[in-house]
Participant: 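I have a structure I would like to understand better, so I am pasting it below and will then ask my questions one at a time.
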2 protein chains.
Amino acid sequence: MGKKLFKTVHDVARAAGVSVATISRVLNQHPNVSQGTREKVLALIEQSGFRPNAIARRLAQGRSGMLCFLLANRDIIHSFHSRVLKGVEDYCRQHHRQVIFTRFDYGPNDAMPAETLPRMVREYRAIDGVLVAGTNYPNLLQYFSSVELPYVLFGNNLVTGSLALPAKHAVSFDEQAGARDATQFLFELGHRHITFVGNLALHWYLRRQHGYASVMNRYGLPPATIDIRDEADCVELGRRSVPLLLRQFPRTTAILAQDDETAIGIMETLRRLEIRVPQDISLMGYDDISEIRYLRPALSSVRVPKAAIGWQMAETLAGVAPGKRTRALPPLATELVIRDSCMRLPSAPE
Amino acid sequence: MGKKLFKTVHDVARAAGVSVATISRVLNQHPNVSQGTREKVLALIEQSGFRPNAIARRLAQGRSGMLCFLLANRDIIHSFHSRVLKGVEDYCRQHHRQVIFTRFDYGPNDAMPAETLPRMVREYRAIDGVLVAGTNYPNLLQYFSSVELPYVLFGNNLVTGSLALPAKHAVSFDEQAGARDATQFLFELGHRHITFVGNLALHWYLRRQHGYASVMNRYGLPPATIDIRDEADCVELGRRSVPLLLRQFPRTTAILAQDDETAIGIMETLRRLEIRVPQDISLMGYDDISEIRYLRPALSSVRVPKAAIGWQMAETLAGVAPGKRTRALPPLATELVIRDSCMRLPSAPE
DNA sequence: CTGAAAGCGCTTACAG
DNA sequence: CTGAAAGCGCTTACAG
């Protein structure tokens with residue numbers, strides 16, 4: 001009848017005429033309970049609206065059942081990471097785990113147990129492990145190792161001295177392959193003057209440029225790159241690149257942008273100059289973020305498997321016992337998404 | 001030297017030659033500890049890297065220190081709610097509380113303790129309270145009341161029979177006032193044929209239309225509304241509205257869109273028809289989501305104070321003892337953001 | 001200012 | 001299949 005008659009397992013046990021151990025077993029679907037008592041207890045729980053204290057449960061079980069999705073050095077969660085997070089959530093829902101979302105900022109040289117770390121992550125045993133996304137530096141990972149907090153990193157945006165993707169404790173996608181596919185596609189459309197626009201100071205964009213350059217080299221074509229390093233806003237970088245590109249590589253017939261936002265800036269500026277996409281210049285983005293659905297012509301892009309990245313991060317973390325090493329997985333594959341922003345060159349054979 | 005020499009407060013107590021009560025007092029900044037012992041204990045904790053078990057702490061203290069940001073019936077977190085969440089986080093960071101982000105889907109007639117509810121929220125005492133955002137129905141709120149879980153709702157997107165914003169347990173912004181300001185602004189630019197585009201089946205858009213209509217009526221102008229109810233995608237709704245609008249209200253010189261996404265669809269379609277914004281038609285959005293920074297001409301819009309909403313939701317929730325009523329706050333004000341998409345009519349006096 | 005002890009509400013070997 | 005008891009690792013009156 002009334003709700004919350006029972007506050008604890010003891011209340012339920014008393015009413016059912018059994019011990020608290022039995023209540024606990026029913027609660028945890030332990031097999032060693034007779035059909036009869038199980039049903040009696042479940043009925044009692046049902047009608048009383050009893051709910052076990054989640055905190056007490058975690059303390060007794062020694063684990064929190066919670067993973068933390070930690071977004072680092074990003075102001076808010078944008079479309080890309082929003083999709084990654086969705087993949088994490090889907091995994092967790094299906095595997096009875098919780099995700100806590102939190103974000104924070106830090107620098108590559110910050111001491112880590114500093115005040116900056118969210119309490120959730122700093123606290124001992126508050127979470128079972130952490131999924132690290134956003135832009136990251138090695139000092140954070142070292143901290144996690146030192147306190148034996150299991151973690152899995154989104155590998156592509158780790159800032160290190162090396163261009164290689166991190167092999168351990170990380171899930172990544174194959175950035176170079178995506179750029180190769182895009183360049184190859186443009187080549188097959190007949191384009192020979194393909195220009196890459198990006199910020200090569202950042203390794204994740206440099207990888208894309210390398211993929212691009214490798215295909216150009218394969219066909220004996222000189223890579224043409226507009227490299228702008230002093231612009232954090234990618235849309236603005238795209239805008240600024242256009243006059244440079246028209247001056248330095250006037251024969252350009254196709255552009256591969258480092259990402260979709262850059263492509264947005266490029267498309268807008270080309271339009272203002274009355275250079276038509278794709279009739280005059282073909283344009284290809286990268287990432288396939290959801291925002292580009294607003295664009296006309298619809299932007300062709302390299303789709304990054306965002307949800308799959310999230311799912312795999314969660315799956316990997318769930319499989320890691322503290323201290324144990326995660327097994328290295330191959331980077332996930334991208335997929336070319338062809339829309340309306342690229343065109344076969346009239347001169348090109350079918 | 002070595003880390004994690006101490007696993008529990010008992011270890012620290014033994015090493016310090018004091019009782020665990022004292023360790024606890026130091027940990028909690030309790031005043032009743034002598035300067036000497038406090039320093040000794042802190043030094044010991046520091047050098048040993050001891051971190052108290054967060055779960056045990058919560059159990060003993062009887063509260064979790066965690067709030068849950070629950071996004072309902074939204075696939076992923078978009079720009080708008082992302083900003084709201086940021087406001088929540090800022091508040092929580094400053095007030096030493098945690099935010100857990102989670103999302104789920106439900107219908108207005110779903111039974112609530114159902115499997116759909118995220119475990120976090122269903123569990124007893126796992127969180128201190130819940131911040132409810134996204135599109136919501138009364139059944140969820142009734143459930144929270146029945147289990148005495150404190151909650152605060154983002155009020156504007158609650159689906160009820162009434163057009164009024166919810167007064168209790170809610171933080172809202174003044175949708176009508178925002179629409180009035182926008183309409184008034186267009187009027188002052190000389191526009192007399194202003195058309196509203198939206199889906200009036202949804203109360204939040206209907207409120208905006210009411211604000212619009214009230215200003216039109218004030219000046220004795222007939223409201224002109226394109227009402228499209230069978231289109232969930234707002235960009236597409238905007239696209240579809242243009243031909244209707246040109247046929248039904250051909251004298252239109254200004255459009256107030258129900259939101260920015262709708263304005264995006266309108267702007268794109270106008271461009272395709274070679275109708276210039278703002279020279280031929282002025283266009284005003286609503287929400288001021290971050291995505292519109294890509295648009296040219298830059299879209300004027302009604303800014304919704306997203307972070308302030310989040311902050312106030314968290315603040316309100318933090319002030320609610322379980323069972324206690326939250327005090328009703330006045331809706332937050334919007335702000336007109338003037339960019340380049342609206343123009344003074346040539347005929348209009350300065 | 002400090003400590004012994006009870007308590008937070010569960011779970012889990014262990015013994016039967 | 002079931003129960004008594006110890007334990008998870010803290011905090012907090014209470015007494016001194």
Participant: Starting at the 5' end of DNA chain C, which residue's closest nucleotide do you reach first, B:S19 or B:A56?
Facilitator: B:S19

Participant: Does either side chain, that of A:D128 or that of A:S64, offer a donor lying less than 3.5 Å from an acceptor on the other one?
Facilitator: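 Indeed, the side chains of A:D128 and A:S64 share at least one donor-acceptor pair under 3.5 Å.
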
Participant: Look through every strand shown and name the nucleotide pairing with C:dC1 as Watson-Crick or G-U wobble, where both distances are under 3.5 Å.
Facilitator: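 Because both required distances fall under 3.5 Å, C:dC1 counts as paired with D:dG16.
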
Participant: Does B:R74 offer a backbone N or O that forms a donor-acceptor pair with the side chain of B:R103 under 3.5 Å?
Facilitator: yes

Participant: Taking atom C1' in both D:dT12 and D:dG16, compute the distance separating them and give it to the nearest angstrom.
Facilitator: 16 Å

Participant: Taking the side chain from B:N139 and the backbone from B:G107, do they hold a donor-acceptor pair closer than 3.5 Å?
Facilitator: yes

Participant: How long is the straight-line distance from CG of A:L149 back to CZ of B:R51, given to the nearest 0.5 Å?
Facilitator: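 It is 7.0 Å, given to the nearest 0.5 Å.
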
Participant: How would you give the extent of chain B contacts on DNA chain C, as first and last nucleotide 5' to 3' within a 4.0 Å heavy-atom cut-off?
Facilitator: C:dC1 to C:dG9

Participant: So, B:N73 side chain and B:Y106 main chain: donor-acceptor pair closer than 3.5 Å or not?
Facilitator: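 Pair found, side chain donor or acceptor close to backbone of B:Y106.
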
Participant: Where do B:N157 and B:G134 come nearest, in terms of heavy atoms and distance?
Facilitator: CB-O, 3.3 Å

Participant: Taking atom P in both C:dT2 and C:dA6, compute the distance separating them and give it to the nearest angstrom.
Facilitator: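 Taking atom P in both C:dT2 and C:dA6, they lie 23 Å apart.
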
Participant: Say you draw a straight line from CD1 of B:I309 to CG of B:L131; how long is it, rounded to the nearest 0.5 Å?
Facilitator: 12.5 Å

Participant: Using a 4.0 Å cut-off on heavy atoms, which residues in residues 21-38 of chain A reach DNA chain C? List them by number, or say none.
Facilitator: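 Under 4.0 Å from DNA chain C: A:A21, A:S24, A:R25, A:N28.
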
Participant: As a quick check of understanding, evaluate side-chain contact (heavy atoms from CB on, under 4.5 Å) for B:L165 and B:N156, giving each step before the final call.
Facilitator: CA-CA 6 Å; B:L165 291 168; B:N156 292 72; 3.8 Å; yes

